[in-house]
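Read the structure below first, then the notes.
Everything numeric here is computed off the predicted structure, so don't read it as measured data. In what follows, chains are A, B, ... by sequence order, proteins preceding strands, each numbered from 1.
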2 protein chains.
Amino acid sequence: MTTHETGSHAAPDSEAADTEARIFEAALRVFARKGKDGARLQEIADEAGIHRPLLHYYFRTKQKLYEAVAAHMFGQFLDSFDAPSHDGPFADVLRAFIDHYVDNIREHQNMAKWMVAENMAGNPFLGERLAAAFETEGSPQRHMEEAILRATERGEIRPVNQKQLMLTIVSACVFFFIQLPTVKMLNPLARDDFDAFVEARKEHVFEVIYYGLASREEVADA
Amino acid sequence: MTTHETGSHAAPDSEAADTEARIFEAALRVFARKGKDGARLQEIADEAGIHRPLLHYYFRTKQKLYEAVAAHMFGQFLDSFDAPSHDGPFADVLRAFIDHYVDNIREHQNMAKWMVAENMAGNPFLGERLAAAFETEGSPQRHMEEAILRATERGEIRPVNQKQLMLTIVSACVFFFIQLPTVKMLNPLARDDFDAFVEARKEHVFEVIYYGLASREEVADA
DNA sequence: AGAGTGTTTGACAACATGGTCAAACAATAC
DNA sequence: GTATTGTTTGACCATGTTGTCAAACACTCT
């Protein structure tokens, strides 16, 4: 058994002590870049600046390393969506949700892409966590769902299936990030001034989802 | 040089003649399932019911096989979006677009997932093709863009950035498909009656994008 | 200094996988 | 029939990659 978790004694210089953390971070980057199958332990080792056998010393196998990093990533990623509850008019709640959500994806693009890839591959982790979050009092997901419900009851917004709406909002906030290379080829602004593009996207998503496309005259006869 | 393209002579029984096609289809499935790195030539051979060296006989290398299948897949996938131009009220055009788009993704889920994965990995193919499509008279993309423009000029819909809107529509139509396992964990209908869910999704996407969430009273004071 | 503990290193084994080859096997043309 | 051409097969090689190991190393404690 290794006892490297406890830095009791035999603790080398600070740079050597965090070998495990450096492996972790390197693995995060490489797995995000190359995928589980495409990643090579040698590449992770190189990027961490250590010798390959150390990977096996700290994490037994590639599989275990992957699982460890993935679990940590999932947790951190989901946690990053926690935000102080925002009440008031639904328009404000929606705007705040989009703002926070998009900012988080931008901060954690590696994780977001990785997670989407995992979901595509059928990994149930995110589904389980989200299903739990929707049952958990005070979670951002639950909060949003309740806000939709309240706004509907108050007649603030039209009746709508909450699950579908959540899916639509998330789609609009996430999809363009994971397809970024393609989006950049089609949208000059995304290439030239990415931050401006992201802000414009936030605004657009809110506008379309909240106000819709139809002009008021059109809506009037609907 | 092999001449297997020309079935001139040495054409065996019909089942052996389409060896190449069987490899092709098997490769399509396996690559879509496992990704380029995760896919094993042995698995493709098994699924095609042939011996592994035949893969090298028809396509020299794994790389070449991948490229051949990918190119064919991209082309077919994009072509499948061609549809008779639909004119008339923008609401109808939008509805038809969503309907056609979603149906196509449903028919070609393997290809859709594969394509998204390729885009994530930075493959510029789709971006190039789409960029070209937007410049091509009569392409579905161009048609939609023009429809948006006309509807805006006619005052049928509110002014909006076309590129952003296209992105939003596509996001709403595609994202839930590529995240299907997760969506199914969160949405009972998607699990129990998928076709009904897809139809409901089409309707929801149209409703939200065209009419928006805000009730008319809310819109009135906006 | 010497023992003990945890870490790092280099060399190595085991295996999977992509790729090659020459010989066997049709099928047709002569 | 035999020759020719294209296809299929099984055995094989080369390489890359994961995983193991024992020995070297550093560090602390007595």
Does some side-chain heavy atom of [Y] sit less than 4.5 Å from a side-chain heavy atom of [X]?
| X | Y | result |
| --- | --- | --- |
| B/Lys163 | A/His204 | no |
| A/Phe90 | A/Ile148 | yes |
| A/Phe177 | A/Val198 | yes |

Between [X] ([atom1]) and [N] ([atom2]), how many Å, whole number?
| X | N | atom1 | atom2 | value |
| --- | --- | --- | --- | --- |
| B/Phe59 | C/dG18 | CZ | C1' | 16 Å |
| A/Asp37 | C/dA16 | CG | C1' | 13 Å |
| B/Leu54 | D/dG10 | CG | C1' | 12 Å |
| A/Ile50 | C/dT8 | CD1 | P | 8 Å |
| A/Tyr57 | D/dA24 | OH | P | 18 Å |
| B/Glu43 | C/dG18 | CD | C1' | 15 Å |
| B/Arg60 | C/dG19 | CZ | P | 10 Å |

When you measure from the centre of the six-membered ring of [Y], is the NZ or CZ of [X] closer than 6.0 Å and no more than 45° off the axis?
| X | Y | value |
| --- | --- | --- |
| A/Arg95 | A/Phe206 | yes |
| B/Lys184 | B/Phe197 | no |
| A/Arg129 | A/Phe74 | no |

Worksheet item: Does B/Tyr58 have a side-chain nitrogen or oxygen under 4.0 Å from the phosphate oxygens OP1 or OP2 of D/dT8?
Response: yes
Discussion item. Can you see if the side chain of A/Thr19 gets near the phosphate of C/dT7 - specifically, an N or O under 4.0 Å from OP1 or OP2?
Written reply: no
Collect all protein-nucleotide pairs involving nucleotides 12-17 of chain D in which both atoms are nitrogen or oxygen and the distance is under 3.5 Å.
| unit_1 | atom_1 | unit_2 | atom_2 | d |
| --- | --- | --- | --- | --- |
| D/dT17 | OP1 | A/Arg40 | NH1 | 3.1 |

Discussion item. The side chain of B/His51 is closest to which nucleotide in this list: D/dG10, D/dT7, C/dT8?
Written reply: D/dG10
Worksheet entry | A/Thr61 side-chain proximity, nearest of C/dG10, D/dG19, D/dT20 | D/dG19
Item to complete: Using modelled atom types only, decide if a donor and an acceptor are shared between the side chain of B/Gln179 and the backbone of A/Val116 within a distance under 3.5 Å.
Response: yes
Discussion item. Mind checking if A/His56 touches a base, just sugar-phosphate, or nothing, with heavy atoms under 4.0 Å?
Written reply: base
